[in-house]
Amino acid sequence: MSSFEFDPKHDPENPFDFGVRPKQGGDPTEGFADRLNEAQLDAVTAGDGPALVIAGAGTGKTRVLVHRVAYLVRRGVAPSAILLLTFTRRAASEMLRRASALVDRPVDEVSGGTFHSFANTLLRRHGKVLGLPPNFTILDSADSSDIIGHIRTGLGVGGRGQRFPQRRTCQSIISAAINRNVELADVVLERWPHFAHHTEDLQRIYEGYRDFKVERGLADYDDLLLYARDLLDREVAVRDEIGRRYEHILVDEYQDTNRIQGDLVSLLGQSHHNVMVVGDDAQSIYRFRGATIDNIFDFPKLFSDSRRITLEQSYRSTQPVLDVANEILSRAEHGYEKHLFSSIEGDERPRLIACENESVQTRWIADRILELHEEGLPLGGIAVLFRSSFHAFDLELELGRREIPFVKYGGFKFMETAHVKDIVAHLRILDNPKDAVSWTRVLTLLPGIGEVTAHRIASSLDEKSPFDLSRAKAQKRAKNALTRLSDLLNRFRDTFPGPARAIEELIEYYEPLLTEKYDDHPKRRAELEHVAVLAGKHKSLRSLLDDFAIEPPNRATDKGAPALDSDGESKLILSTIHSAKGLEWDAVFVIWVVEGRFPTFQAIDREEELEEERRLIYVATTRARQELTFTYPSGSWDKMGRYLSAPSRFVSQIPADVLEPWRATSTGLGLNDEVDLSPMIIPEATGLLGHDHGIDDVEWTEESRSRLRSRRKKIDSRILGDLGNDDWTYEEEWPD
DNA sequence: ACTGGACAGCTTTTT
DNA sequence: GCTGTCCAGT
Ligand SMILES: Nc1ncnc2c1ncn2[C@@H]1O[C@H](COP(=O)(O)OP(=O)(O)OP(=O)(O)O)[C@@H](O)[C@H]1O
């Protein structure tokens with residue numbers, strides 16, 4: 001479709017305008033009718049002005065948003081004047097991918113990403129008016145906890161035998177206060193009441209931390225948002241300029257935004273009101289970091305001229321999958337209006353499988369994945385989801401053994417592992433010799449230099465030749481190492497060989513220290529080599545450091561590699577549920593659906609957190625198109641010696657004809673021992689091994705019994721291999 | 001005064 | 001596995 005033409009009158013000086021315009025007289029909704037239902041089309045073609053799309057999972061919210069982009073572009077809005085925002089990086093890239101796949105080339109110019117990356121761009125350009133230097137350094141979470149740690153020790157809080165919050169906890173407390181826009185004292189009282197007697201010290205740490213950052217031109221993740229809000233709030237000229245540049249603001253997953261982000265949206269839309277936000281209150285899973293659904297509910301108050309559009313039909317999941325989702329939500333403490341329905345056919349009932357132990361869970365899932373794959377489903381159409389990243393460790397090993405290629409998302413902080421931080425700290429010093437935090441890190445690596453000496457050296461550096469360490473006061477045994485460090489840094493200062501090469505050389509330098517410090521140094525060294533590869537994309541140190549801080553690699557396995565194998569085969573996805581937001585797969589497995597892990601022990605006695613866990617499993621459930629399976633090992637211990645056995649309360653009460661109870665057993669623990677699956681028969685007959693298997697109130701009907709029997713047969717014949725391919729309607733990646 | 005080893009405690013999810 | 005605290009050794 002070539003519905004675009006070149007505008008000879010466009011301003012060639014404008015870097016955001018390539019002069020591409022929709023053909024006059026073209027229908028901006030061309031082709032939309034068979035891709036959108038009535039309500040969706042209504043939202044897509046809503047006139048200018050604010051709109052709130054609120055709808056359940058899989059009803060096409062993102063689809064609406066990306067079609068809206070196409071619609072606006074076709075109507076003549078410059079793609080660069082459209083700003084697409086969301087909270088998570090994964091959702092942001094999915095949204096941008098779908099948007100650019102949908103229409104012709106110009107959509108590549110649509111601006112967008114996470115709130116944080118947008119704020120960063122904004123502040124690099126305009127931060128100066130707030131006193132933020134344009135070369136401010138972004139602190140990642142480990143940096144800021146390091147600084148908080150220093151301040152914490154510096155203030156000498158806590159003292160002997162006293163229980164003072166650890167630095168990570170201090171960091172959470174501070175961040176919680178900021179993201180919720182409330183006083184530190186209130187947040188402590190509400191969420192950490194057991195530390196209430198330390199409130200004053202916490203306040204002092206907070207202030208010390210804040211001043212520390214201001215003095216040195218540092219910004220943590222929260223600061224990016226805070227500064228951006230201040231900028232747009234206080235600097236009318238900047239706000240006007242930004243308002244003119246971005247004529248349309250579109251926000252996905254709006255239920256996951258916090259107060260500051262909500263304010264940002266409001267400020268961005270202040271001059272033109274062209275704001276469309278989409279969200280689902282039942283999918284709000286970031287309240288733990290201050291997200292508030294009040295942003296959704298207050299949207300009509302914020303923009304009194306706003307339209308509210310709701311979507312009801314799911315186009316993702318089959319009705320049996322949605323039945324489970326509805327069951328989960330129906331038990332929520334505060335009801336949701338939602339009742340999802342679907343017209344997608346499917347008679348596969350989702351299953352809840354009690355596995356004998358973790359190994360059985362792992363092996364059964366691997367078996368089933370291979371089975372699905374043999375039936376013709378690409379591995380990329382399958383996902384295994386979990387509450388916490390470490391839940392997948394055992395499965396990762398097994399997949400490796402069976403040579404099933406996979407990519408894992410979430411919970412992995414490559415850039416925050418000690419050895420990577422060590423290397424990056426050297427780069428930071430080169431970029432900003434005043435970076436005292438990095439100096440301390442770099443210097444304490446050396447033998448005989450501890451925190452005190454490092455601080456002393458770092459604070460007495462010569463401005464003109466910061467890398468000259470010959471006069472640094474330290475123990476004798478440190479002298480050699482200091483010279484080595486000094487030589488290296490000076491050499492880089494004279495001729496910087498580019499980020500990738502610099503890292504190679506740093507690894508050479510660091511190798512002896514690494515070997516000394518870690519038993520697993522070969523593995524760590526290989527990971528450092530990978531950092532050098534990642535750095536290859538960057539020409540300047542600054543862009544590298546920004547990227548490492550704001551968009552660090554979040555895939556644990558095969559970081560940065562494409563989702564395809566060398567032979568073009570897609571890979572199985574392992575993901576935390578948080579990172580699976582907005583995505584979908586034909587077959588979804590949710591593992592460790594057990595009390596203590598999902599919900600987590602921490603959440604069990606806090607109602608708010610428990611409800612968030614419930615929404616989380618709702619999100620997991622609604623990722624599935626066709627096949628949905630919950631599994632849990634029915635007897636295991638966690639690291640702290642707690643016994644995990646009961647199925648998650650979120651699924652244990654669901655009637656058996658909505659969620660079928662099965663049992664997986666194995667004759668042995670060996671890797672090659674077969675795993676058998678059998679329907680869990682009526683409780684009275686089995687005695688239930690003494691556990692609550694959640695089917696006390698099973699409503700067994702003749703129908704559900706026979707369904708179980710027929711499934712049993714089907715499974716058997718699958719194993720025997722005499723059943724043809726199931727009809728998997730797997731669409732090739734199709735531009736939405 | 002400082003470093004670094006031994007030991008005990010906590011361990012979710014994201015930017 | 002990583003962080004914080006305590007303490008012996010330099
Ligand atoms: N009118 C439609 N016709 C065909 N397919 C549709 C239609 N609307 C949505 N879909 C498909 O349904 C699936 C879910 O859509 P989408 O991801 O936009 O939903 P969503 O509401 O954003 O979901 P979530 O709440 O999980 O983020 C996608 O595969 C999408 O292409």
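Only a predicted model underlies this, so the values are computations on that prediction, with no experimental measurement involved. The figures that follow rest on heavy atoms only: side chains count, while hydrogens, waters and symmetry mates do not. Quick note on labels: first sequence line is chain A, next is B, and so on, each numbered from 1.
Contacts of G448(A) with the nucleic acid, taken as non-hydrogen atoms under 4.0 Å apart, involve only primed sugar atoms and P, OP1 or OP2. Nucleic acid contact class of K413(A) (heavy atoms, under 4.0 Å, all strands): base. Residue-level contact check: R615(A) touches neither bases nor backbone, having no heavy atom under 4.0 Å from any strand. Within the nucleic acid shown, E612(A) has no heavy atom closer than 4.0 Å to any nucleic acid atom. Note on S117(A): nothing from the nucleic acid sits closer than 4.0 angstrom, heavy atoms only. Residue I550(A) is classed as having no contact, given no heavy-atom separation below 4.0 Å to the nucleic acid. Residue E416(A) is out of contact with every strand shown, counting any heavy-atom pair closer than 4.0 Å.
Between Y643(A) and W637(A), a ring centre-to-centre spacing shorter than 6.0 Å is recorded. Aromatic rings from F87(A) and Y286(A) are positioned such that their centres are separated by under 6.0 Å.
You'll find that the side chain of T88(A) is closest to dT15(B), out of dT3(B), dG4(C), dT15(B). The listed nucleotides are dC2(C), dT15(B), dG4(C); the one nearest the side chain of R524(A) is dC2(C). Taking only side-chain atoms of R167(A), from C-beta outward, the nucleotide of dT3(C), dT13(B), dT14(B) with the closest atom is dT3(C). Comparing dG4(C), dT12(B), dT14(B) against the side chain of R152(A) picks out dG4(C) as the nearest. With distances taken from any side-chain atom of H578(A) to the nucleotides dG4(C), dT13(B), dT12(B), the minimum falls on dT13(B).
Remark: P of dT15(B) and OH of Y227(A) are 22 Å apart, rounded to the nearest angstrom. Going from atom CG of D256(A) over to atom P of dT14(B) covers 12 Å, rounded to whole Å. To the nearest angstrom, C1' of dT3(C) lies 15 Å from NZ of K421(A). The interatomic distance linking K581(A) (NZ) with dT14(B) (C1') rounds to 11 Å, in whole Å. Protein atom CG of D546(A) is 16 Å distant from nucleotide atom P of dT15(B), rounded to whole Å. Taking atom CZ on R387(A) and atom P on dT11(B), their separation rounds to 13 Å, with Å as the unit. Rounded to whole Å, the distance from CD1 on I449(A) to C1' on dT10(C) is 16 Å. If you take CZ of F393(A) and P of dT11(B), they are 16 Å apart, rounded to a whole angstrom.
Taking all atoms of both residues into account, the shortest heavy-atom contact from A91(A) to E253(A) is CB-CG, 4.3 Å. Here the shortest heavy-atom pairing between Y254(A) and T257(A) reads O-OG1, 2.7 Å. In terms of heavy-atom proximity, R615(A) sits nearest to D281(A) at CD-O, 3.7 Å. A pairwise comparison of heavy atoms in I293(A) and R287(A) identifies CD1-NH2, 3.6 Å as the closest pair.
For F288(A) and dT13(B), the ring-to-base geometry satisfies the stacking test (centroid distance below 5.5 Å, interplanar angle below 30°).
OP1 or OP2 of dT15(B) sits under 4.0 Å from a side-chain N or O of R89(A). Residue Q166(A) places no side-chain N or O under 4.0 Å from the OP1 or OP2 atom of dG4(C). Under 4.0 angstrom from either OP1 or OP2 of dT14(B) there lies at least one side-chain N or O belonging to S579(A). Look at T576(A) and you won't find any side-chain N or O under 4.0 angstrom from OP1 or OP2 of dT12(B).
Comparing E613(A) and H116(A) along DNA chain B, the residue whose closest nucleotide (by nearest heavy atom) sits nearer the 5' end is E613(A).
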